[in-house]
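In the text below, chain A, chain B and the rest are named by the order of the sequence lines, each starting its count at 1. Being a predicted model, the structure only gives us computed values, none of them experimental. Hydrogens, waters and symmetry mates are skipped; everything else that's a heavy atom, side chains included, is used.
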Number of protein chains: 2
Amino acid sequence: MPKLLRDTKQRNAIKRAFFEYRRPLGPKEVLTIASEEVPNLGIATVYRNIKALVEEGELVTIEIPGQPPRYSMPREKSPYLFYCQKSDRVFFLDEEQVNPSFGELPFPFRAKSHEVIFYGEYQEG
Amino acid sequence: MPKLLRDTKQRNAIKRAFFEYRRPLGPKEVLTIASEEVPNLGIATVYRNIKALVEEGELVTIEIPGQPPRYSMPREKSPYLFYCQKSDRVFFLDEEQVNPSFGELPFPFRAKSHEVIFYGEYQEG
DNA sequence: ATCTCTGCAAATGTTTTGCATCAGC
DNA sequence: GCTGATGCAAAACATTTGCAGAGAT
């Protein structure tokens, strides 16, 4: 039997954070955002819900090397990421924005997928 | 003034671990290996020496998203990595092997560097 | 003799877990 | 009323740091 997920204001506030921000968020970021809606929200609840939502397929995990994991709504997943070193935020890039091209890797490397991470500054304004 | 590194049996045991294993190792792995040579070796010493050796350029940090950091003797410096999902090993790729090209990122993204990670299978034989 | 390095333990920082209570179904 | 979910605190982990004594130069 499939596990039942209940509809709580905490879980809704957490889901809304991802829906509104549309970029990968870390647990603490989610806590800050969702706490505006649910004041006494605990960090453990954030972790538990993120984990459940990832298992449900409602969130995907976004990993930047050397950084703690972030999470995001799945339709925004892209192998092209931009990490702003100034604000410590992650943004998705579309393929058109990146215009990548690679040759085929030589033997004995057989690549099934790849991931590109740009490091720099997201210029506000 | 450049900082002086002393020649201790702990540091030598740690360096030897990397030299003998010739693959990226994590701190706990290093502790286990080097402890055979220096029984009372502490994990803090491993961390401190890895950090120092990285700063000296004797080790490089290898980061694969979603995995704890590993360290390795430096080879050709390259932002191109290949992760073998079958054997859990990491390989460096040369720029010629990858032949990458990107367009310039649109505003407001200003990239200073990038990193490409290929996932697949390293074919033995 | 100097001054770095080491081991230990304590301190961080992050994520997980136990448990009594709360609340969705 | 069940039973999953929550908040809090404690526990688990991984990494860093303070310190006094040991060791390299």
Indicate every side-chain donor-acceptor pair of residues 32-39 of chain A with a distance under 3.5 Å to a residue at least two apart or in another chain.
residue, atom, partner, partner atom, Å
A:Thr32, OG1, A:Lys28, O, 3.0
A:Ser35, OG, A:Leu31, O, 2.6
A:Glu37, OE1, A:Arg16, NE, 3.3
A:Glu37, OE2, A:Arg16, NE, 3.4
A:Glu37, OE2, A:Arg16, NH2, 3.0

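- There is a side-chain donor-acceptor pair under 3.5 Å between A:Arg89 and A:Ser87.
- Listed in residue order, the members of residues 44-51 of chain B having a heavy atom less than 4.0 Å from DNA chain D are B:Ala44, B:Tyr47, B:Arg48.
- Remark: aromatic rings of B:Phe82 and B:Tyr122 are distant, center separation not under 6.0 Å.
- As rounded to whole Å, 13 Å separates atom C1' of D:dT15 from atom CD of B:Glu63.
- At whole-Å resolution of the value, CZ in A:Arg6 and C1' in C:dC22 are 10 Å apart.
- For A:Asp88 and C:dG13, the CG to P distance is 15 Å, given to the nearest whole Å.
- Taking atom CD on A:Gln67 and atom C1' on C:dG13, their separation rounds to 15 Å, with Å as the unit.
- Put simply, CG on B:Asn12 is 14 Å from C1' on D:dG23, counting in whole angstrom units.
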Would you give me the side-chain donor-acceptor pairs under 3.5 Å for residues 17-25 of chain B, sequence neighbours excluded?
residue, atom, partner, partner atom, Å
B:Arg22, NE, B:Phe19, O, 3.4
B:Arg23, NH1, B:Glu29, OE2, 3.2
B:Arg23, NH2, B:Glu29, OE2, 3.2

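- Between B:Pro69 and B:Thr61, the closest heavy-atom pair is CB-CG2, 4.3 Å.
- In this structure, A:Lys15 places its NZ atom 12 Å from P of D:dA5, rounding to the nearest Å.
- To the nearest angstrom, C1' of C:dG24 lies 11 Å from CZ of A:Arg11.
- Scanning all heavy atoms of the two residues, the minimum distance from B:Leu81 to B:Glu63 falls at CD1-O, 4.1 Å.
- Rounded to whole Å, the distance from CD1 on A:Ile43 to P on C:dG18 is 19 Å.
- Residue A:Thr8 has a polar side-chain atom (N or O) positioned under 4.0 Å from OP1 or OP2 of D:dT6.
- One finds no side-chain N or O of A:Gln10 lying less than 4.0 angstrom from the OP1 or OP2 phosphate oxygen of C:dC22.
- By the side chain to side chain donor-acceptor pair (under 3.5 Å) test, B:Arg70 is found to be paired with B:Gln67, B:Asp88, residues two or more places apart in sequence or in another chain being considered.
- For A:Glu55 (side chain) and A:Ala52 (main-chain N/O), no donor-acceptor pair under 3.5 Å exists by modelled atom type.
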Please tabulate, one pair per line, all N/O donor-acceptor pairs under 3.5 Å involving side-chain atoms of residues 104-119 of chain B, not counting sequence neighbours.
residue, atom, partner, partner atom, Å
B:His114, NE2, B:Tyr80, OH, 3.3
B:Glu115, OE1, A:Tyr119, OH, 2.7
B:Tyr119, OH, A:Glu115, OE1, 2.7

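- Nearest-nucleotide assignment on DNA chain D puts the 5′-proximal partner with B:Pro68, out of B:Asp7 and B:Pro68.
- Against DNA chain C, the stretch residues 28-41 of chain B makes heavy-atom approaches under 4.0 Å through B:Asn40, B:Leu41.
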